[in-house]
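Keep in mind that what you see is a predicted model, and the values were worked out from it rather than measured. Each chain gets a letter, A, B and so on, in the order its sequence line appears, and its residues count up from 1.
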There are 2 protein chains.
Amino acid sequence: MLQEYAFQGKKVLRYMDTIVILRCIVISTASEFVSRKPTLNTVARKAGVSIPTVSQVMRGAGRISEETREKVLKAAQDLHYVPNSRAAAMRSGENREIGFVINQLGNPFNAEVVGGVVDLLEAEGYLVSIVDTRDDHERQARQLEAFIRHGRGGLLWVPATDTTNETFDLLAVQGIPVVTFLRNVRSDLDHVGIRNAEATATATRHLVELGHREIAYLGGTDLTIVRKQRIAGYERALDEAGLAHAVVWDSEDNKIAGLDAMSALLQAHPKTTAVVCNGDMVALGACLAVNRAGLVPGKDVSVIGFDNIQDAAVSTPPLSTMAVSPHKLGRKLARVLLDRIEDPDLPATVVEVSAELLLRETTGAPP
Amino acid sequence: MLQEYAFQGKKVLRYMDTIVILRCIVISTASEFVSRKPTLNTVARKAGVSIPTVSQVMRGAGRISEETREKVLKAAQDLHYVPNSRAAAMRSGENREIGFVINQLGNPFNAEVVGGVVDLLEAEGYLVSIVDTRDDHERQARQLEAFIRHGRGGLLWVPATDTTNETFDLLAVQGIPVVTFLRNVRSDLDHVGIRNAEATATATRHLVELGHREIAYLGGTDLTIVRKQRIAGYERALDEAGLAHAVVWDSEDNKIAGLDAMSALLQAHPKTTAVVCNGDMVALGACLAVNRAGLVPGKDVSVIGFDNIQDAAVSTPPLSTMAVSPHKLGRKLARVLLDRIEDPDLPATVVEVSAELLLRETTGAPP
DNA sequence: GACAGAAGATATAACGATATATCATAATTT
DNA sequence: AAATTATGATATATCGTTATATCTTCTGTC
């Protein structure tokens, strides 16, 4: 009796035992003529050895004679064999693929951080693959789950604003190494970030020393962790100087928002002689606004930024800012993850890097 | 006789058959108390059904009674079960993970393209993970191979400058769907890009119509494909106008390089009244140089950019440019990849999107 | 009441790799 | 010469899934 039989996605016919012969023929045909991804099996047959032997040669493990080693390597090269890491990971449990969940891809600061991370992790044989949440916590939840489904040996993560507890719980249960970056939202997770409060305090103190008395903060009522920390440092420095009066003005982290916000601020508080900004983009926008008001940044109004992005050095006038090395930050981030992978029982680590006062031309004594 | 025996990374002892009992105890202990990633097996045991049944429930496949369906779903939820897509991919052959190999992560244009790609592919259940080659073809080769090892169902790729033939061959042999983006380097691969020659021709023609006669091209002797195409369009438009004389000046794609190059160009060719730029970053740098030379962009010297990045709209003066919608471009890119995955036997497709002339304030009649 | 067919579940064999155990030889020791 | 140990290769089970085949049980039909 003839029966339909599915083989490699295609229906073939079988008749009792004939299927065995048929399958043999088909398999052999396929491996001869159809270009399929080569596997250990393919290589082993071509080299005339067993599968474990090929596996050992590819990994440089076990005891293999020079003769068979060369035979196997030749076969692998001829077939353009590329090992399947996922199958390997499945069996061995070791997974050298790291996910980086980032909040804003186009940000040059983030891009440099990624560079630092990758430089360290690729040297250790890891693949670092990135996704961009665009600061949308729902998309983030989907992406994190996707990373778990697709198997990542560790995660680096800039948590989106409004990240829910469900998301944290999901990660906690999966028992996969996670290091948060920049936004220190959970004490039970490893973290690498910037000493935000210290940095804005330094910036503010500098402006106070220059003689400024009306110092506003630009970019800060949408209270993410980082903004809170930065505003806290700013307010602390004002308190120390006995300047209780503090204007915190809202703005998003881009040039246009900075421009608009600074224009409004200058109108509402014309006595302001200095602004500490939440980021360089805002600061650059602020300088634009100062210009448009017929004033000169660094003379009439001092502006100080945060991050030291590339543009800060070439704007007119060049921007004073709190500088952090994103590349170094990235390397630290990778280091902490590697340590965690090596020893999962380590207590949660927090590493915070200082920012340095970098004075260019947008800061000076008040008029 | 006692023997050492390795179990879950730790050495235990075994004595003849006793190992069986020992293993049973250990396994049961582990699954009860140690937090391990739950699998179909775990869920199946908890729900009191077989593994294939759970698999079917999770996928919504096969015929399952409502009763067992609920039982299984409850067990899965209680255990926080997350399916292992790699194991699934291994068996089923279907792999919904896409790799995006990009040349410059910090570029906001690229970031928006990624947004378009992801919007379409995530809706189809794909995970898009990104790596940054930083235009280094050796790093790129390592990353592409890593993507193949780790199993990607398709690749989107901005080929780095100097990509070698070995790299193309590696990809060709692996038989994995690949779509190149922006840089159309191989006729045997699908491609999505911009009509570069058409765009620069449009820009140049516009300058000619404004009355310019000394029109230079800024950013172009390092001859990548894209630069070649753009210069070709520029030269074609000059030829049409009977203006044989063309100055092509070198510059990298960033502000500082644009500033330096434009300063040099103005010194070497003071009669130049207009420049077509290879990108907006160069154009913004060029405007800076024009300013520093005591001239006004759009009046003394016209500058036109390419890409319409966010900064172009808020620079002073706002930049005229050739605008393309990166988001739309990203969706096109994703579409082409999906089509290829659906039908691997399709002939190679090339999709090219037009750029639009977007006039702001850096272009005008010559003085 | 026998039988066909459907419904709902399970058994089994892959996918491509690695870990462990085992098995032939050859080389060395006693 | 017999026993032991190294050496180099292979056999087998397993990782977490899914595809296919098989097996009950329960209908409904004649």
Whole-Å distance separating the [atom1] atom of [X] from the [atom2] atom of [N]:
X      : N      : atom1 : atom2 : value
A:R63  : D:dA6  : CZ    : C1'   : 7 Å
B:N95  : C:dC15 : CG    : C1'   : 13 Å
B:Q56  : C:dA11 : CD    : C1'   : 12 Å
A:E70  : D:dG8  : CD    : C1'   : 16 Å
B:I51  : D:dG16 : CD1   : C1'   : 8 Å
A:R149 : D:dT17 : CZ    : P     : 10 Å
B:N41  : D:dC15 : CG    : P     : 8 Å
A:L40  : D:dT10 : CG    : P     : 13 Å

Quiz item: If you check the A:T39 side chain, which of D:dT17, C:dA17, C:dG8 turns out closest?
Solution: C:dA17
Quiz item: Is the backbone of A:I102 close enough, under 3.5 Å, to the side chain of A:T133 for a donor and an acceptor to pair up by distance?
Solution: yes
Exercise. Mark yes or no for whether B:R86, through its side chain, and A:H150, through its backbone, hold a donor-acceptor pair below 3.5 Å.
Key: yes
Quiz item: NA contact type, A:I64, heavy-atom cut-off 4.0 Å: base, sugar-phosphate, or nothing?
Solution: sugar-phosphate
Quiz item: Can you find a side-chain donor-acceptor pair between B:T167 and B:Q140 that sits under 3.5 Å?
Solution: no
Practice problem: Compute whether any side-chain donor of one residue and acceptor of the other, for B:E97 and B:S85, lie under 3.5 angstrom apart. | Solution: no
Quiz item: So which of residues 76-94 of chain A are in contact with DNA chain D, with a heavy-atom cut-off of under 4.0 Å?
Solution: A:M90, A:R91
Hey, is the side chain of [X] poking within less than 4.0 Å of OP1 or OP2 on [N], counting only N and O atoms?
X     : N      : value
A:T68 : D:dA9  : yes
A:S55 : C:dA17 : no
A:R59 : C:dA19 : yes
B:S65 : C:dA9  : yes
A:T53 : D:dT10 : yes

Quiz prompt | Nearest non-hydrogen partners of A:D132 and A:R139, listed with the distance | solution = O-CD, 3.8 Å
Quiz item: Considering heavy-atom distances to DNA chain D, does A:P52 or B:P52 have its closest nucleotide positioned more toward the 5' end?
Solution: A:P52
Practice problem: In sequence, state the C-alpha distance, the side-chain angles, and the governing distance for A:E145 and A:R142, and then conclude on salt bridge (Lys or Arg N to Asp or Glu O under 4.0 Å). | Solution: CA-CA 5 Å; A:E145 206 201 301; A:R142 288 196 303 271; over 6 Å; no
Quiz item: Relative to the ring of A:F168, is the ring of A:W157 parallel (under 30°), tilted (30 to 60°) or perpendicular (over 60°)?
Solution: tilted
